[in-house]
Participant: 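Got a structure for you, questions after.
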Protein chains: 2
Amino acid sequence: MQTGSRIDNIQEFTQICREHRLKITPQRIAIYRELLNSDTHPAADTIYQILKKEYTNISFDTVNRTLLTFAKIGIVEVVETFGGAKRFDPNVTNHHHIHCSQCGKILDFYSRAYDKLAVPDGVYEQFQVVSKRVILKGICKDCRQ
Amino acid sequence: MQTGSRIDNIQEFTQICREHRLKITPQRIAIYRELLNSDTHPAADTIYQILKKEYTNISFDTVNRTLLTFAKIGIVEVVETFGGAKRFDPNVTNHHHIHCSQCGKILDFYSRAYDKLAVPDGVYEQFQVVSKRVILKGICKDCRQ
DNA sequence: CTTTTTGCAAAGCGTTTGCATTGAA
DNA sequence: TTCAATGCAAACGCTTTGCAAAAAG
């Protein structure tokens, strides 16, 4: 099942970068900070659009490659989507997702009952299960007006 | 929650096409048949590669557009992925998915316990929930050798 | 016959790669 | 000073669109 805890501050972030021998660049800090500031699991381009206002020189590639690097070292997760661009989540603790089918936003929610679900026997025989998540789909408050 | 039942045969399929005023073409029948034959939730291109051996003239576009049409009328579902091409599922009954992180195969499984899960209160207030599914990730038997 | 569907080609996104330049350590 | 990271450009893969020809009803 999912392990590890959410990194809430930039100090912890730089510490983890050092452990993985990743250089700490202003871009990496800014990208990680934007990820923490958002709660809708942004795509690379969403983060790029925000950051290029502040850092006129930043490139989409850096944002995208950095997010993939973060995923590789386990501080962000690529979340499930139904087509379209990859979406990223800085929350690597045990949690679940709800997708709005209208506006595409993805929100986290928590449920002890969901966390406690056992993996069915038939699955255990076929798969070595690594993670478990409940995905809800629906229409959010904003989209219902 | 999910409703509707799996369409097991081509007769039912043609009936539903008629109800939606979709013309019944050899391509549509072949595409739907291939979807039923597969249990790994193929991408459009996977189905295209299979069908072009049999129907030398079929185009990728037809396969792709047809799958999207099927999704629109509700006889197939676009399933969750973690990047890459859309994957399609002809099983629109209540079920759950397990993904192999190595080979990318997606398999259905069933669990009464999972089906019975209630939507948490906090979510009900924010979302009108339409569907609910448990997503497991792991390594399948084949990939473990 | 009418209208939808098909196949093809081109365009549109999102992602990935190679490479010279820049910057962190 | 060294080596990783960045920015840029080009390539690649998946998806979508417009349109003339073909096929279904």
Participant: What pairs with A:Ser101 under side chain to side chain donor-acceptor pair (under 3.5 Å), at least two apart in sequence or on another chain?
Facilitator: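 A:Ser101 satisfies side chain to side chain donor-acceptor pair (under 3.5 Å) with no residue once adjacent residues are dropped.
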Participant: Any side-chain N or O of B:Arg28 under 4.0 Å from OP1/OP2 of C:dT5?
Facilitator: yes
Participant: Using a 4.0 Å cut-off on heavy atoms, which residues in residues 51-61 of chain A reach DNA chain C? List them by number, or say none.
Facilitator: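 Residues of residues 51-61 of chain A under 4.0 Å from DNA chain C: A:Phe60, A:Asp61.
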Participant: Ignoring hydrogens and geometry beyond distance, is the side chain of A:Lys86 in donor-acceptor contact with the base of C:dT15 at under 3.5 Å?
Facilitator: no
Participant: The criterion is side-chain contact (heavy atoms from CB on, under 4.5 Å); which residues satisfy it with A:Arg33, sequence neighbours excluded?
Facilitator: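 A:Ile10, A:Ala30, A:Asn37, A:Glu54, A:Tyr55.
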Participant: Counting only side-chain N and O atoms of B:Thr25, is one of them less than 4.0 Å from OP1 or OP2 of C:dT4?
Facilitator: no
Participant: What residues form a side-chain contact (heavy atoms from CB on, under 4.5 Å) with A:Arg144, not counting sequence neighbours?
Facilitator: A:Ile139, A:Lys141, B:Gln128
Participant: Could you tell me which residues satisfy side-chain contact (heavy atoms from CB on, under 4.5 Å) with A:Leu136, sequence neighbours excluded, listed by chain and number?
Facilitator: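 Partners of A:Leu136 under the side-chain contact (heavy atoms from CB on, under 4.5 Å) test: A:Ile98, A:Phe109, A:Tyr114, A:Val134, B:Val119, B:Val123, B:Val129, B:Lys132.
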Participant: Please tabulate, for side-chain N and O atoms in residues 79-88 of chain A, each donor-acceptor pair with protein atoms closer than 3.5 Å (sequence neighbours left out).
Facilitator:
unit_1: A:Glu80; atom_1: OE1; unit_2: A:His97; atom_2: ND1; d: 3.4
unit_1: A:Glu80; atom_1: OE2; unit_2: A:His97; atom_2: ND1; d: 2.9
unit_1: A:Glu80; atom_1: OE2; unit_2: A:His99; atom_2: NE2; d: 2.7
unit_1: A:Arg87; atom_1: NE; unit_2: A:His41; atom_2: O; d: 2.4
unit_1: A:Arg87; atom_1: NH1; unit_2: A:Gly104; atom_2: O; d: 3.1
unit_1: A:Arg87; atom_1: NH2; unit_2: A:Thr40; atom_2: O; d: 2.9
unit_1: A:Arg87; atom_1: NH2; unit_2: A:His41; atom_2: O; d: 3.3
unit_1: A:Arg87; atom_1: NH2; unit_2: A:Gly104; atom_2: O; d: 3.1

Participant: Side chains of A:Ser59 and A:Thr62: is there a donor and an acceptor less than 3.5 Å apart?
Facilitator: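 Present: a donor and an acceptor within the cut-off.
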Participant: Quick check on the helix from C:dC1-D:dG25 to C:dA25-D:dT1: what's the angle between its two end axes, five base pairs per end, to the nearest 10°?
Facilitator: 40°
Participant: Can you see whether B:Asp115 engages B:His96 through a side-chain donor-acceptor pair at a distance of less than 3.5 angstrom?
Facilitator: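 Yes, because at least one side-chain N or O of B:Asp115 sits under 3.5 Å from a partner of the opposite role on B:His96.
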Participant: Heavy atoms within less than 4.0 Å of DNA chain D: which residues of residues 63-72 of chain A have one? Give them sorted by number.
Facilitator: A:Arg65, A:Thr66
Participant: So, taking the atom named NE2 in B:His20 and the one named CD1 in B:Ile73, what distance separates them when rounded to the nearest 0.5 Å?
Facilitator: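 Spacing of NE2 (B:His20) from CD1 (B:Ile73) equals 5.0 Å.
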Participant: Can you find a side-chain donor-acceptor pair between A:Gln15 and A:Glu19 that sits under 3.5 Å?
Facilitator: yes
Participant: Which pairs with one or both residues in residues 59-72 of chain A pass salt bridge (charged side-chain N to carboxylate O under 4.0 Å, His left out), sequence neighbours excluded?
Facilitator: none
Participant: Name all residues meeting the side-chain contact (heavy atoms from CB on, under 4.5 Å) criterion together with B:Cys140; count only those two or more places apart in sequence or in a different chain, and write none if there are none.
Facilitator: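 side-chain contact (heavy atoms from CB on, under 4.5 Å) list for B:Cys140, sorted by chain: A:Phe127, B:Cys100, B:Cys103, B:Lys105, B:Asp142, B:Cys143.
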Participant: Nearest 0.5 Å, please: how far is CG in B:Leu117 from NZ in A:Lys116?
Facilitator: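 Between atom NZ of A:Lys116 and atom CG of B:Leu117 there are 11.0 Å.
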Participant: Would you mind listing every salt bridge (charged side-chain N to carboxylate O under 4.0 Å, His left out) that reaches into residues 20-32 of chain B, with sequence neighbours excluded?
Facilitator: none
Participant: Could you tell me the boundaries of the chain A footprint on DNA chain D, defined by atoms under 4.0 Å from its heavy atoms?
Facilitator: D:dC3 to D:dA9
Participant: On DNA chain D, compare the nucleotides closest to B:Lys23 and B:Gly84; which residue's is nearer the 5' end?
Facilitator: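 The residue whose closest nucleotide sits nearer the 5' end is B:Gly84.
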